[in-house]
Protein chains: 2
Amino acid sequence: MSASATRGQIVSVADRLFYEQGYEATSFADIAAEAGLSRGNFYYHFKAKDAILEAVIAARMADTRTMLESWEDGASDPLERIRSFAHIVIRNQAKIMAHGCPVGTLCNELAKLEHGAKGDAAGVFVLFRDWLAEQFAALGRERDAEALALHVLMRSQGIATLATALGDEDFVRREVRAIDQWLEDQLPAVTRPLQE
Amino acid sequence: MSASATRGQIVSVADRLFYEQGYEATSFADIAAEAGLSRGNFYYHFKAKDAILEAVIAARMADTRTMLESWEDGASDPLERIRSFAHIVIRNQAKIMAHGCPVGTLCNELAKLEHGAKGDAAGVFVLFRDWLAEQFAALGRERDAEALALHVLMRSQGIATLATALGDEDFVRREVRAIDQWLEDQLPAVTRPLQE
DNA sequence: GTCTATAATCCGATAGAC
DNA sequence: GTCTATCGGATTATAGAC
């Protein structure tokens with residue numbers, strides 16, 4: 001296999017295992033076994049575990065950009081686009097209940113490890129935040145677009161964490177509906193600030 | 001030192017290190033060093049790492065019950081009691097930005113490890129949920145008390161996760177204010193105190 | 001590019017002296 | 001109850017054959 005193909009295979013497997021098992025709990029042997037190559041061959045492609053993590057984060061950034069573009073292509077209405085985001089927790093419910101949100105759980109783990117890549121991992125949140133803020137701005141909420149974006153992100157993270165801990169499907173559906181309701185309440189030309 | 005005192009010392013140190021570094025990343029050597037005893041002596045008090053985890057979770061359950069009682073003693077108004085909970089993320093802001101919410105991050109880690117104690121760890125969430133539901137019931141929201149309780153829990157978890165990832169203090173303050181505002185919007189008009 | 005073999009380290013856990 | 005010494009296994013990482 002070519003070097004780039006093998007490298008891509010490693011990143012793909014590592015991406016999934018880091019999500020399912022966590023970064024530290026995933027060993028080189030785990031990745032090598034599922035990627036179908038020996039441990040020794042690993043160091044030809046990645047000299048250290050940190051390097052794989054950076055490649056996985058870069059891949060997630062690229063995947064996220066692709067997903068955001070597909071939501072833009074799928075709906076011209078900014079409100080519908082924001083709903084596309086809010087409904088991830090339902091579409092990926094089974095995975096989230098088993099392993100949480102890939103972004104939130106990785107940031108939490110890297111924070112505890114005091115790993116320098118925490119900021120890189122949080123970059124996926126920044127991608128979502130800025131994209132959501134664009135949609136809110138398009139809805140006429142330019143002034144507090146970023147605050148509204150972070151509010152939606154916050155709720156999706158809270159839902160994911162409690163879904164993992166408690167495994168309550170009704171709770172997930174109910175809270176996603178509450179986001180939909182909240183979104184519509186933001187719609188009217190009335191400029192209602194989030195705070196105060 | 002007596003056995004129970006040493007055991008308590010181990011649990012206290014393990015509690016803090018599990019929070020700061022994570023469960024798996026904390027070794028027996030780490031705990032032993034900070035508790036001031038040898039690795040070998042460990043197994044007199046805890047025969048396995050799982051046993052320490054269970055003791056830590058039991059200690060957190062007890063601490064949480066104590067905290068809930070102190071909030072009950074500190075305020076007779078259920079709304080004020082709920083605010084006591086919502087404001088944890090501000091009181092513990094520095095720790096949360098560094099290591100996340102102790103309950104949420106532990107549940108996430110145990111979920112990825114497929115560790116049987118995940119349900120026990122989630123028991124702290126259940127304590128908070130039931131206590132919050134009691135307060136909402138006392139405010140006249142008996143019918144949806146549990147859903148309201150989970151909503152508050154969800155928001156505090158979302159705030160904690162984003163605070164850890166992004167380190168934005170303004171975001172934390174703004175979202176706690178938004179919870180306060182939401183709380184007042186939940187009050188049935190009849191139970192609202194007369195202004196004078 | 002891929003492999004085997006192995007070094008060096010750390011882990012959880014045990015045995016036994018005191 | 002506390003200690004030292006140590007086992008067996010897993011881990012990251014390297015060296016070198018092919």
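Naming: A, B, ... by sequence-line order, numbering from 1 per chain.
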* Whole angstrom value for the distance that separates P of dT11(D) from OH of Y23(A) -> 14 Å
* Just call it for T26(B): base, sugar-phosphate, or nothing, with non-hydrogen atoms closer than 4.0 Å on any strand. => sugar-phosphate
* Would you mind checking if E184(A) and R83(A) are paired as a salt bridge, meaning a charged N to carboxylate O distance below 4.0 Å? => yes
* dG1(D) P sits how many Å from Q9(B) CD, rounded? -> 15 Å
* Asked: Between dT12(D) atom P and I52(A) atom CD1, what is the distance in whole Å?
  -> 9 Å
* A29(A) side-chain proximity, nearest of dA13(C), dT11(D), dC11(C) -> dT11(D)
* To do: Choose from dT14(C), dT14(D), dC11(C) the nucleotide whose nearest atom is closest to any side-chain atom of S27(B).
  => dC11(C)
* For the pair D180(A) and R177(A), find out whether any cationic side-chain nitrogen is under 4.0 Å from an anionic carboxylate oxygen. => no
* To do: Would you mind reading off the distance between E24(B) atom CD and dC11(C) atom P, rounded to a whole angstrom?
  => 12 Å
* Asked: Any Lys/Arg nitrogen of E109(B) or K118(B) sitting under 4.0 Å from an Asp/Glu carboxylate oxygen of the other?
  -> no
* To do: Quickly work out the F28(B) CZ to dT2(D) P distance and round it to whole Å.
  => 16 Å
* Parallel, tilted or perpendicular: rings of W71(B) and F85(B) (30°, 60°) -> perpendicular
* Check the distance between dG12(C)'s P and F42(B)'s CZ and give it to me in whole angstrom. => 9 Å
* Under a 4.0 Å N-O cut-off, is there an ion pair linking E20(B) with R16(B)? -> yes
* To do: Starting from C1' on dT2(C), measure out to CZ on R7(A) and report it in whole angstrom.
  => 17 Å
* With nearest nucleotides of DNA chain C determined for R39(B) and N41(A) from heavy-atom distances, which residue corresponds to the more 5′ nucleotide? -> N41(A)
* To do: Among the candidates dA13(C), dA13(D), dT2(D), find the nucleotide nearest to the side-chain atoms of T6(B).
  => dT2(D)
* **OP1 or OP2 of dT2(D) under 4.0 Å from side-chain N/O of Y44(B)** => no
* **Nucleotide nearest H45(B) when distance is taken to its side chain, options dT12(D), dT2(D), dA13(C)** => dT2(D)
* Asked: Roughly how many Å is it from OH in Y43(B) to P in dA13(C), rounded to a whole number?
  -> 4 Å
